[in-house]
Number of protein chains: 2
Amino acid sequence: MKMVVMVLLTMMVIGCSGPKKDSVTDVRAEIERANAQWMSALKEADLEKFAVMYTEDTKLLPPNTEILEGREAVRKVFGGMMDAGIHVQLHTEDVQAVGDVAVEVGRAKVIGPDDNVLDSGKYLVTWRKTATGWKMQRDIWNSSLPVTTPAES
Amino acid sequence: MKMVVMVLLTMMVIGCSGPKKDSVTDVRAEIERANAQWMSALKEADLEKFAVMYTEDTKLLPPNTEILEGREAVRKVFGGMMDAGIHVQLHTEDVQAVGDVAVEVGRAKVIGPDDNVLDSGKYLVTWRKTATGWKMQRDIWNSSLPVTTPAES
């Protein structure tokens with residue numbers, strides 16, 4: 001009988017520990033790898049590889065447009081950049097992870113076809129862990145450069 | 001003996017259920033209440049009531065500036081709006097909640113001192129549940145209006 005009690009107590013301890021959680025360091029490394037893939041897909045103009053890095057229900061919040069939804073919006077916004085020969089360099093500033101959600105703050109440089117810096121900005125992305133890896137569920141960014149006045153632009 | 005086994009099995013079921021989780025509907029209602037408080041603190045120019053709605057380690061990502069950190073940054077950015085008689089109307093579009101983190105997408109209208117609409121935009125905020133309620137930990141926004149060209153501005 002003692003054996004049954006022991007087994008049940010062991011099951012309680014194991015059962016309650018739940019699935020193994022990734023550490024924040026692990027999640028940050030996974031997200032930095034995903035960002036490297038994002039950057040190369042954009043640079044190589046591989047729109048399908050790029051689009052599946054977002055969840056089906058993703059929301060994009062680019063400056064100067066309404067809230068956009070889904071992978072079709074991803075294809076439209078970033079396909080336009082690909083056509084213009086624009087790519088982006090991402091630099092993760094910090095990652096917070098809770099369960100299957102991660103929140104990333106980062107900086108971005110927008111690079112033109114002649115390797116000229118078109119914009120320098122920042123972003124907030126929320127990631128969702130799926131069966132096929134971490135995917136972007138919310139993505140918003142803006143410029144960090146001062147507003148140019150008509151005289152300067 | 002059967003009794004011991006029964007008690008242990010019951011403990012397993014209860015023990016594994018963990019602390020009671022708020023439903024997403026509850027969290028959304030709490031965040032909408034917090035937003036109502038945010039709007040009124042901004043309109044009433046109550047800077048201290050306003051600043052404590054952000055976590056100590058908050059990051060603000062306003063357009064046309066670098067990433068800003070902490071409540072001192074909150075006081076500077078929103079204190080400037082208060083001085084200019086500007087207030088903001090928020091409208092929550094959706095809330096996702098995982099543990100003590102919530103992700104909110106919303107729309108915002110920036111209102112001038114003569115009740116004129118200065119800007120119409122959107123935001124992504126990540127909230128953290130603390131001992132004193134939900135607080136904003138990451139806050140980024142941008143305009144949804146088209147870019148004005150020098151000729152139009």
Could you give the distance from [atom1] ([X]) to [atom2] ([Y]), rounded to the nearest 0.5 Å?
{"X": "Tyr123(A)", "Y": "Leu61(B)", "atom1": "OH", "atom2": "CG", "value": "10.5 Å"}
{"X": "Gln137(B)", "Y": "Leu124(A)", "atom1": "CD", "atom2": "CG", "value": "10.5 Å"}
{"X": "Asn142(A)", "Y": "Ile140(B)", "atom1": "CG", "atom2": "CD1", "value": "4.5 Å"}
{"X": "Lys122(A)", "Y": "Leu60(B)", "atom1": "NZ", "atom2": "CG", "value": "10.0 Å"}

Given heavy-atom pairs under 4.5 angstrom as the criterion, report whether the side chain, backbone, both or neither of [X] touches chain B.
{"X": "Lys59(A)", "answer": "side chain"}
{"X": "Val98(A)", "answer": "both"}
{"X": "Pro63(A)", "answer": "both"}

Minimum heavy-atom distance between [X] and [Y], given as atom pair plus value:
{"X": "Gly106(A)", "Y": "Ile67(B)", "value": "O-CD1, 4.2 Å"}
{"X": "Arg138(B)", "Y": "Val103(A)", "value": "CG-CG1, 4.2 Å"}
{"X": "Leu145(B)", "Y": "Asn64(A)", "value": "O-ND2, 2.8 Å"}

message = How about NZ on Lys135(A), more than 12 heavy atoms from neighbouring residues, nucleotides or ligands closer than 6.0 Å, or not?
response =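 Correct, the count exceeds 12.
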Consider only side-chain heavy atoms of I, L, V, M, F, W and Y, link residues closer than 4.5 Å, and tell whether [X] and [Y] are in one cluster.
{"X": "Val52(B)", "Y": "Phe50(B)", "result": "no"}
{"X": "Ile31(A)", "Y": "Trp38(A)", "result": "yes"}
{"X": "Trp141(B)", "Y": "Val74(B)", "result": "yes"}
{"X": "Val125(A)", "Y": "Trp134(A)", "result": "yes"}
{"X": "Met39(B)", "Y": "Val105(B)", "result": "no"}

task = Identify the residues of residues 112-121 of chain B whose heavy atoms come closer than 4.5 Å to a heavy atom of chain A, ordered by number, or report 'none'.
result =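 Residues qualifying by a heavy atom under 4.5 Å from chain A are absent, so none.
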task = Spell out the residues in residues 75-95 of chain A that have some non-hydrogen atom less than 4.5 Å away from a non-hydrogen atom of chain B, in order of number; otherwise answer 'none'.
result =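 From residues 75-95 of chain A, the residues near chain B are Glu93(A), Asp94(A).
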request  = Could you tell me whether Glu66(B) and Arg107(A) have a side-chain N and a carboxylate O separated by less than 4.0 Å?
outcome  =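 Result for this pair is yes, salt bridge flagged.
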query = Looking at Pro62(A), Ser144(A), Pro146(A), which makes the most heavy-atom pairs under 4.5 Å with chain B?
reply =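 Counting heavy-atom pairs under 4.5 Å, the top option is Ser144(A).
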